[in-house]
Amino acid sequence: MKATIFHNPKCGTSRKTLAILENLSKVDVEVVEYLKDPPSREKLAQLFKDAGMTPNEGLRLRGTDAEERGLPDADADEVLDAMAADPILINRPLVETERGVRLCRPQDTVLEIL
């Protein structure tokens with residue numbers, strides 16, 4: 001099985017999720033450091049749809065200026081535009097497999113799609 005993790009190596013939860021994936025021999029892991037190689041707006045929309053969540057639910061508030069920008073109350077299009085322009089606003093880690101997408105907070109959530 002292939003798993004793609006949208007990863008921030010500075011994030012403890014992201015590192016723990018990656019460790020879970022790497023310790024499973026059945027998983028071929030692709031790591032995307034989304035701050036260096038951000039997903040497109042279209043990819044973000046697809047990830048959130050496949051995860052069954054809204055872009056607002058995938059918005060990172062801690063350590064960002066999302067609240068000052070009014071993004072928690074913005075519509076989905078505005079949030080996606082902001083995330084595409086400033087990927088620090090994407091909550092992490094997002095993991096995508098053939099079984100779906102999860103925002104892996106806590107990290108054990110990844111087991112739902114393996």
Side-chain angles (χ1 to χ4, degrees):
M1 169 183 289
K2 180 179 178 189
T4 301
I5 180 171
F6 293 87
H7 176 63
N8 180 344
K10 293 181 180 179
C11 172
T13 303
S14 194
R15 289 192 308 270
K16 290 174 188 173
T17 304
L18 179 57
I20 291 170
L21 292 169
E22 290 178 334
N23 287 324
L24 297 173
S25 61
K26 66 179 183 176
V27 180
D28 175 27
V29 182
E30 176 185 1
V31 178
V32 176
E33 287 191 35
Y34 70 93
L35 294 175
K36 293 179 182 177
D37 185 18
S40 68
R41 183 189 189 287
E42 293 75 23
K43 181 65 176 179
L44 284 169
Q46 175 254 306
L47 288 169
F48 292 128
K49 180 180 179 217
D50 291 351
M53 58 192 297
T54 67
N56 297 59
E57 292 170 320
L59 181 64
R60 183 162 182 80
L61 301 177
R62 199 170 115 212
T64 73
D65 64 350
E67 291 189 57
E68 292 83 359
R69 293 166 64 176
L71 291 172
D73 299 318
D75 65 33
D77 285 328
E78 188 176 345
V79 172
L80 286 170
D81 289 341
M83 288 176 171
D86 191 3
I88 194 69
L89 296 168
I90 303 167
N91 210 347
R92 67 211 177 226
L94 284 166
V95 177
E96 178 179 35
T97 73
E98 61 196 33
R99 295 185 181 168
V101 176
R102 294 290 183 276
L103 174 60
C104 297
R105 300 189 78 75
Q107 64 270 4
D108 293 339
T109 305
V110 74
L111 299 174
E112 296 174 6
I113 55 171
L114 297 178

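Note: hydrogens, waters and symmetry copies are ignored here, and every other heavy atom, side chains too, is used.
- A salt bridge is defined here as a Lys NZ or Arg NE, NH1 or NH2 lying under 4.0 Å from an Asp or Glu carboxylate O, and Asp77 with Arg41 meets this definition.
- Leu59 is connected to Met53 through a chain of hydrophobic side-chain contacts under 4.5 Å among Ile, Leu, Val, Met, Phe, Trp and Tyr, so both are in one cluster.
- Scanning for salt bridge (Lys or Arg N to Asp or Glu O under 4.0 Å) contacts around Glu67 gives an empty result, with sequence neighbours left out.
- Thr54 has its side chain out of reach of Phe48: every pair of non-hydrogen atoms, C-beta onward, lies at least 4.5 Å apart.
- Of all heavy-atom pairs spanning Glu68 and Thr64, the tightest one is OE1-O, 3.8 Å.
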* Can you check side-chain contact (heavy atoms from CB on, under 4.5 Å) on Asn8 and Lys10, steps first, answer last? -> CA-CA 5 Å; Asn8 180 344; Lys10 293 181 180 179; 3.4 Å; yes
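- Here Arg62 contributes atom CZ and Cys11 contributes atom SG; the two are 8.0 Å apart, rounded to the nearest 0.5 Å.
- Under the 4.5 Å side-chain heavy-atom criterion for grouping Ile, Leu, Val, Met, Phe, Trp and Tyr, Val110 is not connected to Phe6 through any hydrophobic cluster.
- Between Thr97 and Ala3, the shortest heavy-atom contact is CG2-CB, 3.7 Å.
- Panel note: side chain Arg92, backbone His7; no donor-acceptor pair is recorded below 3.5 Å.
- Between atom CZ of residue Arg102 and atom CG of residue Leu47 there is a gap of 12.5 Å, rounded to the nearest 0.5 Å.
- Considering every non-hydrogen atom in both Cys104 and Val95, the closest pair reads SG-CG2, 3.7 Å.
- Closest non-hydrogen pair, Ala82 versus Leu89, comes out as O-CD1, 3.6 Å.
- Across all non-hydrogen atoms, the minimal contact from Gly100 to Ile113 is O-CD1, 3.7 Å.
- Hydrophobic clustering, with ILVMFWY side chains joined whenever heavy atoms are under 4.5 angstrom apart, keeps Ile20 apart from Leu103.
- Met1 and Val32 are assigned to two separate hydrophobic clusters, defined by single-linkage of ILVMFWY side chains at heavy-atom distances under 4.5 Å.
- In this structure, CD1 in Ile88 is found 10.0 Å from CG in Asp65, a value given to the nearest 0.5 Å.
- With sequence neighbours left out, Lys43 forms a side chain to side chain donor-acceptor pair (under 3.5 Å) with Gln46, Glu96.
- In this structure, CG in Leu94 is found 8.0 Å from CG in Leu44, a value given to the nearest 0.5 Å.
- Of all the heavy atoms in Pro106 and Thr109, the pair that sits closest is O-OG1, 2.8 Å.
- Side-chain atoms of Pro72 and Leu61, non-hydrogen and from C-beta on, do get closer than 4.5 Å to each other.
- When hydrophobic clusters are built by joining Ile, Leu, Val, Met, Phe, Trp and Tyr residues whose side-chain heavy atoms come closer than 4.5 Å, directly or via intermediates, Val79 is grouped together with Tyr34.
- A distance of 9.0 Å separates CG of Leu18 from CG of Asn23, quoted to the nearest 0.5 Å.
- Rounding to the nearest 0.5 angstrom, the gap separating the CG atom in Leu80 from the CG atom in Asn56 is 8.5 Å.
- No side-chain donor-acceptor contact under 3.5 Å links Asn91 to the backbone of Glu57.
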